[in-house]
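Since we're looking at a predicted model, the values are computed, not measured.
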Amino acid sequence: MALTLTSGTLIVASAYPDPPFDLIDNGSASGFDIELMRAMCAQLGLVLQPVRYSGDDFNGIFDGLANRSYDAVISGTTITPKRAAIARFSQPYLEFNQGVAVNRRSTPDVVSLADLHGLTAGIQSGITSAIVAKRLLSEGAIANIKYYPYHGIAAALDDLEAGRIGLVIKLHPVISWLVKNRPALSVAIEVPTHEKLGVAFAKQNQALCEAVNRALAALRANGEFARLQARWFPRPGG
């Protein structure tokens with residue numbers, strides 16, 4: 001089996017916007033994930049070709065691996081047993097928790113999950129934040145869940161600003177980025193989910209997965225990974 005679908009090119013799907021992992025900057029793909037893949041392509045002698053996944057449900061992105069629409073998926077993607085059953089994952093490259101954003105004007109006193117009682121959570125379809133939301137709902141910690149299409153994150157945040165929902169749950173670095181220019185909103189809680197992120201490949205493409213793992217190890221060894229991490233995930237006060 002050839003390493004990639006098109007000789008010399010690595011076609012990689014991401015779901016935008018998902019800053020700081022994947023974003024469009026002046027019409028071009030950017031973000032930590034994209035820059036990481038560019039650096040790995042340089043290691044592998046490949047040219048990166050980013051493509052945009054536009055489905056309503058994030059989990060649909062993996063279908064494109066099976067039907068050979070693209071070589072890989074990188075999109076701040078948590079490795080889960082359900083996803084690992086349909087795709088092959090690289091070694092984890094980062095780990096993060098979930099974040100809970102609230103409207104500080106309407107719910108100024110939220111500091112813990114216990115303070116979310118009676119509120120409705122906004123969740124994008126197909127993302128791991130739903131696992132947290134469903135658990136909170138089953139425990140009676142929140143009142144309801146409102147689902148948005150994956151590309152509807154701005155609508156969810158608009159609804160949070162307007163008081164139509166009470167919270168939005170998303171991977172911590174992403175929700176932190178998305179609310180920084182919305183003064184009414186802030187990330188009030190970090191839920192310790194310890195999610196490991198990986199690059200996904202077609203199940204049968206072990207060779208490409210192993211090549212990417214080697215490239216990832218090389219980038220860690222030469223300091224490039226750390227430089228990218230410091231650029232896209234700066235430490236508070238750093």
Smallest separation among heavy atoms of Ala188 and Arg104, with atom names: CB-NH2, 3.3 Å

Backbone N/O of Pro183 and side chain of Arg105: donor-acceptor pair under 3.5 Å: no

No-hydrogen, no-angle side-chain donor-acceptor test under 3.5 Å, Ser129 and Gln98: yes

Parallel, tilted or perpendicular: ring planes of Phe96 versus Phe21, cut at 30 and 60 degrees: perpendicular

Rounded distance [0.5 Å steps], NZ in Lys196 versus CD in Gln91: 11.0 Å

Check: Ser28/Asn26 side-chain N/O donor and acceptor closer than 3.5 Å: no

Mutual orientation of the aromatic rings belonging to Phe32 and Tyr93 [parallel < 30°, tilted 30-60°, perpendicular > 60°]: parallel

Point-to-point distance, once rounded to the nearest 0.5 Å, from CE of Met40 to CG of Leu219: 6.5 Å

Counterpart residues, salt bridge (Lys or Arg N to Asp or Glu O under 4.0 Å), relative to Arg83 (two or more places apart): none

Between CG on residue Leu48 and CD1 on residue Ile34, distance to nearest 0.5 Å: 6.5 Å

Arg220 to Phe225 six-membered ring, cation-pi geometry met (6.0 Å, 45°): yes

Asp71 (side chain) donor-acceptor with Ile11 (main chain) under 3.5 angstrom: yes

Side-chain donor/acceptor of Asn103 to backbone N/O of Gly163, under 3.5 Å: no

Exercise: do Asp56 and Tyr148 side chains pair donor with acceptor under 3.5 Å: no

Side chain to side chain donor-acceptor pair (under 3.5 Å) partners of residues 3-17, not counting sequence neighbours, each pair once: Ser14-Asp22

CA sep, side-chain torsions, deciding dist, call: Ile142, Leu116, side chain to side chain contact (heavy atoms under 4.5 Å, CB included): CA-CA 6 Å; Ile142 60 174; Leu116 303 175; 3.9 Å; yes

Any donor-acceptor pair under 3.5 Å from Asn205 side chain to Phe201 backbone: no

Report, one line per pair, each donor and acceptor closer than 3.5 Å where one atom sits in a side chain of residues 168-181; sequence neighbours left out.
unit_1	atom_1	unit_2	atom_2	d
Lys170	NZ	Asp18	OD1	3.2
Lys170	NZ	Gln124	OE1	2.7
Ser176	OG	His172	O	2.7

Under 3.5 Å: donor-acceptor pair, side chain of Ser138, backbone of Arg135: yes

Salt bridge (Lys or Arg N to Asp or Glu O under 4.0 Å) between Arg182 and Asp158, worked out: CA-CA 9 Å; Arg182 293 178 181 252; Asp158 289 346; 2.9 Å; yes

